[in-house]
Protein chains: 2
Amino acid sequence: MNNSTAVQFFKNLADDTRLKIILLIQMERELCVCELTVALGLSQPKISRHIAQLKLHKLLSERKVGRWVFYRLVDVIPQWQKEVIELSNVNNQEYIAQCVVNLMGMGNRPTRQEKCCE
Amino acid sequence: MNNSTAVQFFKNLADDTRLKIILLIQMERELCVCELTVALGLSQPKISRHIAQLKLHKLLSERKVGRWVFYRLVDVIPQWQKEVIELSNVNNQEYIAQCVVNLMGMGNRPTRQEKCCE
DNA sequence: AAATAACATATGTTTTTTCGTATGTGTTTT
DNA sequence: AAAACACATACGAAAAAACATATGTTATTT
């Protein structure tokens with residue numbers, strides 16, 4: 001049930017929602033749930049469910065700030081897995097282009113937070 | 001339905017049988033179905049079904065020789081995907097170790113072919 | 001303290017994958 | 001030509017994954 005196997009690692013990436021979450025977080029270093037719902041245009045429970053899975057498999061760590069929860073990639077994941085994520089990001093910019101547009105539309109923090117799930 | 005998207009690529013790798021098939025073929029350059037059934041210790045229809053999926057998504061190509069069909073990685077897959085496979089192989093040798101033992105137990109071709117699915 | 005915002009999770013359902021088994025196709029052997 | 005071999009595929013069942021919706025939790029605001 002952990003991320004120690006290669007197969008489980010690829011399963012984590014083998015879903016549209018999860019892959020976009022990972023690529024966006026790697027790009028922005030840190031994102032909260034409400035930012036991801038806006039970026040992906042998906043419901044909050046759907047985002048939360050996939051995040052829970054990525055957290056379970058030790059790919060994401062959380063940092064709570066008030067009522068927000070920020071997620072980032074954990075830094076102890078195997079080096080080769082980091083490289084796979086990096087490769088995916090560099091070579092699939094158009095895949096998350098619309099998400100980035102949506103995210104930028106929120107402005108920067110703390111402006112972005114004001115627009116969070118309004 | 002092709003392999004043009006990153007998600008579909010990762011789905012191809014997100015299964016124990018398919019990942020082992022890909023890693024073994026990359027390691028041996030070329031393998032036939034009966035060699036894979038011995039290496040993985042799985043039924044022939046199961047191997048064939050997964051190979052059909054990998055072929056459908058343009059990851060494997062076939063070469064027919066008599067009653068054998070040899071598969072290899074197609075050479076036109078995106079460079080970053082090749083690198084992902086290469087990284088997976090280098091960093092997961094223990095994952096396919098038993099499969100390699102089973103394969104080596106068949107000897108070399110054509111000795112290996114004589115033992116094929118006897 | 002009531003209301004609200006951000007997020008997590010539980011539940012039942014639908015969809016997608018995977019599977020075993022049986023059968024079909026083409027090739028080589030006898 | 002019949003039998004054996006290597007492989008592909010069809011079919012229904014079983015398992016796994018993803019889903020929408022509702023509700024729970026915690027922190028902030030008023």
Side-chain angles (χ1 to χ4, degrees), chain A residues 1 3 5 7-21 25 30-57 60-72 106 109-118, chain B residues 1 5 7-21 25 30-57 60-72 106 109-110 112-118:
Chain A
M1 198 61 77
N3 191 30
T5 73
V7 174
Q8 186 53 61
F9 172 65
F10 288 125
K11 280 187 183 179
N12 290 331
L13 305 184
D15 175 88
D16 183 65
T17 302
R18 287 195 301 274
L19 183 58
K20 282 175 178 166
I21 287 175
I25 287 182
E30 190 174 67
L31 286 173
C32 70
V33 175
C34 67
E35 289 171 326
L36 286 168
T37 61
V38 173
L40 300 195
L42 297 174
S43 72
Q44 176 265 315
K46 182 165 175 176
I47 298 287
S48 281
R49 220 180 324 110
H50 285 291
I51 283 183
Q53 182 172 337
L54 294 173
K55 213 167 38 172
L56 176 67
H57 297 307
L60 292 185
S61 62
E62 68 178 30
R63 182 174 72 93
K64 296 191 179 183
V65 178
R67 52 188 165 183
W68 288 281
V69 184
F70 293 94
Y71 291 94
R72 58 174 66 183
M106 299 179 75
R109 295 185 191 110
T111 313
R112 191 188 283 174
Q113 291 180 348
E114 296 167 6
K115 293 194 180 183
C116 234
C117 312
E118 56 205 356
Chain B
M1 198 60 74
T5 74
V7 173
Q8 186 53 59
F9 172 65
F10 288 125
K11 280 188 182 179
N12 289 331
L13 306 183
D15 175 87
D16 182 65
T17 302
R18 287 194 300 271
L19 183 58
K20 282 174 177 165
I21 288 175
I25 286 182
E30 190 175 67
L31 286 172
C32 69
V33 174
C34 67
E35 288 171 328
L36 287 168
T37 61
V38 173
L40 300 194
L42 296 175
S43 71
Q44 175 265 316
K46 183 166 175 176
I47 298 287
S48 281
R49 220 176 322 107
H50 285 290
I51 282 183
Q53 182 172 338
L54 294 173
K55 211 168 38 171
L56 176 67
H57 296 306
L60 294 184
S61 62
E62 69 179 28
R63 182 173 72 92
K64 296 190 178 183
V65 179
R67 50 188 167 186
W68 287 282
V69 183
F70 295 94
Y71 290 94
R72 58 174 65 185
M106 299 180 75
R109 296 188 189 108
R112 190 189 284 174
Q113 290 181 348
E114 295 167 5
K115 293 194 180 183
C116 233
C117 312
E118 56 206 353

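The sequence lines fix the lettering, A, B, ..., with proteins before strands; numbering per chain opens at 1. Since the model is a prediction, treat every value here as computed from it, not as a measurement.
For B/Val69, the side-chain atoms get nearest to D/dC7 when compared with the rest of C/dC7, D/dC7, D/dA18. In this structure, the nucleotide among C/dC7, D/dA8, C/dT18 sitting nearest to the side chain of B/Val33 is D/dA8. The nucleotide whose nearest atom lies closest to any side-chain atom of A/Ser43 is, among D/dT9, D/dA18, D/dA20, D/dA20. Nearest nucleotide to the A/Lys46 side chain, out of D/dC19, D/dC7, C/dC7: D/dC19.
Distances shorter than 4.0 Å separate none of the side-chain N or O atoms of A/Arg49 from OP1 or OP2 on C/dA10. The side chain of B/His50 contributes an N or O atom lying less than 4.0 Å from OP1 or OP2 of C/dC19.
Straight-line distance from the CD1 atom of B/Ile47 to the C1' atom of C/dT18: 13 Å, rounded to whole Å. In this entry the distance linking CG of A/Asp15 with C1' of D/dA17 reads 9 Å, nearest Å. Atom pair B/Leu42:CG and D/dC7:P shows a separation of 15 Å (rounding to whole Å applied). If you take CZ of A/Arg18 and P of C/dT16, they are 15 Å apart, rounded to a whole angstrom. Counting to the nearest Å, the P atom of D/dA17 and the CG atom of A/Leu13 are 15 Å from each other. In this structure, the CD atom of A/Gln8 is 13 Å from the P atom of D/dA16, given to the nearest Å. In this structure, the CG atom of A/Leu36 is 10 Å from the P atom of C/dA8, given to the nearest Å. Between the CD1 atom of B/Ile51 and the P atom of D/dA6 there is a distance of 15 Å, rounded to whole Å.
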Going 5' to 3' through nucleotides 23-30 of chain D and flagging B where a protein heavy-atom sits under 4.0 Å of the base, S where only the sugar-phosphate is that close, and - otherwise, we get ----SSS-

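In this structure, B/Lys11 reaches the sugar-phosphate backbone alone: every heavy-atom distance under 4.0 Å involves primed, P, OP1 or OP2 atoms, never a base.
Under the 3.5 Å distance criterion, the side-chain polar atoms of B/Ser48 are left unmatched by any main-chain donor or acceptor of B/Pro45.
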Please test A/Arg72 against A/Ser61 for side-chain contact (heavy atoms from CB on, under 4.5 Å), starting from the C-alpha separation and ending with a verdict. CA-CA 6 Å; A/Arg72 58 174 66 183; A/Ser61 62; 3.6 Å; yes

Step by step, work out the side-chain contact (heavy atoms from CB on, under 4.5 Å) result for B/Gln53 and B/His57. CA-CA 6 Å; B/Gln53 182 172 338; B/His57 296 306; 3.8 Å; yes

task: Start with the C-alpha gap between A/Leu36 and A/Ile51, add the side-chain angles, then the distance that decides, and say whether side-chain contact (heavy atoms from CB on, under 4.5 Å) holds.
output: CA-CA 10 Å; A/Leu36 286 168; A/Ile51 283 183; 3.8 Å; yes

_What verdict does the side-chain contact (heavy atoms from CB on, under 4.5 Å) test give for B/Phe10 and A/Asn12, after you've listed the backbone C-alpha separation in whole Å, the side-chain angles of each residue and the deciding distance to 0.1 Å?_
CA-CA 9 Å; B/Phe10 288 125; A/Asn12 290 331; over 6 Å; no

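To the nearest 0.5 Å, the span separating CD on B/Gln8 from CG on B/Leu13 amounts to 10.0 Å.
At a threshold of 4.5 Å between non-hydrogen side-chain atoms, the residues B/Leu31 and B/Arg112 count as touching.
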